[in-house]
Peer 1: 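Can you read through this structure? Questions will come right after.
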Amino acid sequence: MSSRDQFTTKIGFILAAAGSAIGLGAIWKFPYMAGTNGGSVFILLFILCTFFIGLPVLIAEFMIGRRGQKDAVTSLKEQAPEKPWYFIGWAGMIIAGLILSFYSVVGGWILSYLGRALTFKLTNTHAEINYADLFTSIIASPFEAILVQGLFMLLTVVIVSAGIKGGIEKASTWMMPLLFIFFIVLVIRSLTLDGAMAGVKFMFVPDWSYFNAETFLMALGQAFFSLSVGIAVMITYASYLSKTEKIGNSAINVASMNIIISLLAGLVIFPAVFALGYTPDQGPGLVFIILPAVFEQLPLGGLFLTIFFILLLFATVTSSISMLEIVVAIAIGDQPGKRRKIAWIGGIIIFIVGIPSALSFGILADVQILDRSIFDFVDFLTNSIGMPIGALFISIFAGYYYTKDISRGELAASSTMFNIWYILIRYISPLAILIIFIQGILPLFK
């Protein structure tokens with residue numbers, strides 16, 4: 001125990017855990033999901049689902065990790081001796097590695113855009129740019145796709161190899177505050193545009209015609225996946241947490257920060273989109289195609305666009321280091337001296353596994369698995385199958401394998417708060433996870 005690295009402060013842990021949750025899901029996926037599902041009603045349902053469905057599972061992962069004080073596999077082996085629950089840790093490691101293999105591809109795209117922004121090649125300063133064609137050319141170029149994917153993985157490996165205190169905690173404690181500061185700057189700029197209030201109205205004045213089962217399912221899925229639960233990442237992070245810390249408060253802080261960043265992302269994008277005559281239902285291309293076109297129409301638009309891609313990179317890196325960390329934590333076990341070596345080996349393997357995803361929009365575009373590109377198939381395998389199954393077993397373990405006394409002692413909350421969590425983790429969260437899982441795999445049978 002004494003030789004094992006730990007977070008030095010509670011805020012360091014919260015920022016690292018929040019950084020894991022606040023990634024592409026909050027800044028890239030949330031705006032386009034809200035934009036294509038009616039805005040305000042989707043956002044309201046997303047907030048409710050985060051607190052009543054995602055948060056209980058997050059607390060469960062914190063409980064398992066903090067109680068075990070070891071990597072996810074060893075922790076579950078010791079807490080459930082001679083039981084197969086430790087497979088949750090192995091499954092989480094594999095799923096996290098697979099997610100990182102295609103997540104690093106998107107991280108590479110962000111590096112490409114940031115590089116162009118820093119060299120003034122992302123706005124129409126010298127020549128007309130078709131942003132849709134630019135995006136297509138970036139993701140289809142084999143050399144550029146693999147190069148920037150490799151650079152993104154290199155950045156991730158360097159941080160993780162430095163350890164919890166010197167790497168993950170240090171990176172999170174300066175990247176996350178900068179993330180908030182940059183967002184506030186961009187929100188102020190966006191809200192001062194003529195016509196910006198139409199975007200604010202879209203986000204906060206409900207259009208109840210969108211209140212239907214489909215919008216609920218989309219919000220439920222977004223809330224669940226945006227908290228990084230189901231792959232034992234939060235079990236791993238909580239294992240580096242002192243037993244004196246209150247995990248309920250930490251979990252609420254993480255969930256709240258995730259919601260706040262998601263809303264700030266919306267307040268950057270939607271007022272600008274409406275003010276400059278675009279529509280919000282642009283789908284995944286909203287950040288990479290529509291946003292550059294929006295920013296180029298603003299005074300100092302190139303500067304603000306550069307700031308946006310810097311903060312998008314920060315958010316992506318704080319998530320990627322958490323996914324590599326679970327792989328490293330399980331691989332090194334109780335031998336922390338192997339961290340640097342394992343981080344590099346794990347990073348190289350994940351990079352190689354991700355190459356087909358990086359090439360799936362170019363030379364491997366014709367390769368289809370279940371009518372999906374390689375990139376989309378790995379995304380589907382992890383997000384629609386792996387994560388829900390992992391989260392379901394985590395909720396069952398915490399809700400049914402733990403005795404009520406163990407859970408009450410670990411959570412250290414008031415009777416009312418504990419009873420609410422206990423009902424949610426035993427009944428509501430598992431049911432919601434099953435709904436997400438069934439909804440996710442339904443396309444396989446069509």
Peer 1: Yes or no on side-chain contact (heavy atoms from CB on, under 4.5 Å) for Arg67 and Ile406, after CA distance, side-chain angles and deciding distance?
Peer 2: CA-CA 10 Å; Arg67 186 166 190 255; Ile406 288 175; 3.7 Å; yes

Peer 1: Classify the side-chain pair Thr403/Asp405 by whether it contains a donor and acceptor separated by less than 3.5 Å.
Peer 2: no

Peer 1: Answer yes or no: does atom CZ of Phe52 have more than 12 heavy-atom neighbours from other residues, nucleotides or ligands under 6.0 Å?
Peer 2: no

Peer 1: Measure the acute angle between the ring planes of Phe380 and Phe377, then classify it against the limits of 30° and 60° as parallel, tilted or perpendicular.
Peer 2: tilted

Peer 1: Verify the distance criterion only: is there a donor paired with an acceptor across the side chains of Gln79 and Tyr402 at less than 3.5 Å?
Peer 2: yes

Peer 1: Run the side-chain contact (heavy atoms from CB on, under 4.5 Å) check on Glu325 and Tyr240 step by step: do they pass?
Peer 2: CA-CA 11 Å; Glu325 176 58 27; Tyr240 301 117; 2.5 Å; yes

Peer 1: Quick check on Met417: does its CE atom have over 12 non-hydrogen neighbours (other residues, nucleotides or ligands) under 6.0 Å away?
Peer 2: no

Peer 1: Does Leu186 form a side-chain contact (heavy atoms from CB on, under 4.5 Å) with Leu311? I'd like the steps, not just the answer.
Peer 2: CA-CA 10 Å; Leu186 290 177; Leu311 66 85; 3.6 Å; yes

Peer 1: Tell me whether the rings of Tyr400 and Tyr427 are parallel (<30°), tilted (30 to 60°) or perpendicular (>60°).
Peer 2: perpendicular

Peer 1: Would you say CD of Glu214 has more than 12 non-hydrogen atoms from neighbouring residues, nucleotides or ligands within 6.0 angstrom?
Peer 2: no

Peer 1: With Met63 as reference, evaluate Ile247, Leu58, Ile235 under the side-chain contact (heavy atoms from CB on, under 4.5 Å) test and give the passing residue.
Peer 2: Ile247

Peer 1: Within the supplied structure, the quantity of interest is the number of heavy atoms (other residues, nucleotides, ligands) at a distance under 6.0 Å from Tyr86 OH; does it exceed 12?
Peer 2: no

Peer 1: Have Asn212 and Thr215 got a donor and an acceptor in their side chains that come within less than 3.5 Å?
Peer 2: yes

Peer 1: Is any side-chain heavy atom of Ser395 less than 4.5 Å from a side-chain heavy atom of Ile433?
Peer 2: yes

Peer 1: Step through the shown structure and confirm whether more than 12 heavy atoms of other residues, nucleotides or ligands are within 6.0 Å of CZ on Phe180.
Peer 2: yes

Peer 1: Would you say Phe393 has more than 12 foreign heavy atoms packed within less than 6.0 Å of its CZ?
Peer 2: no

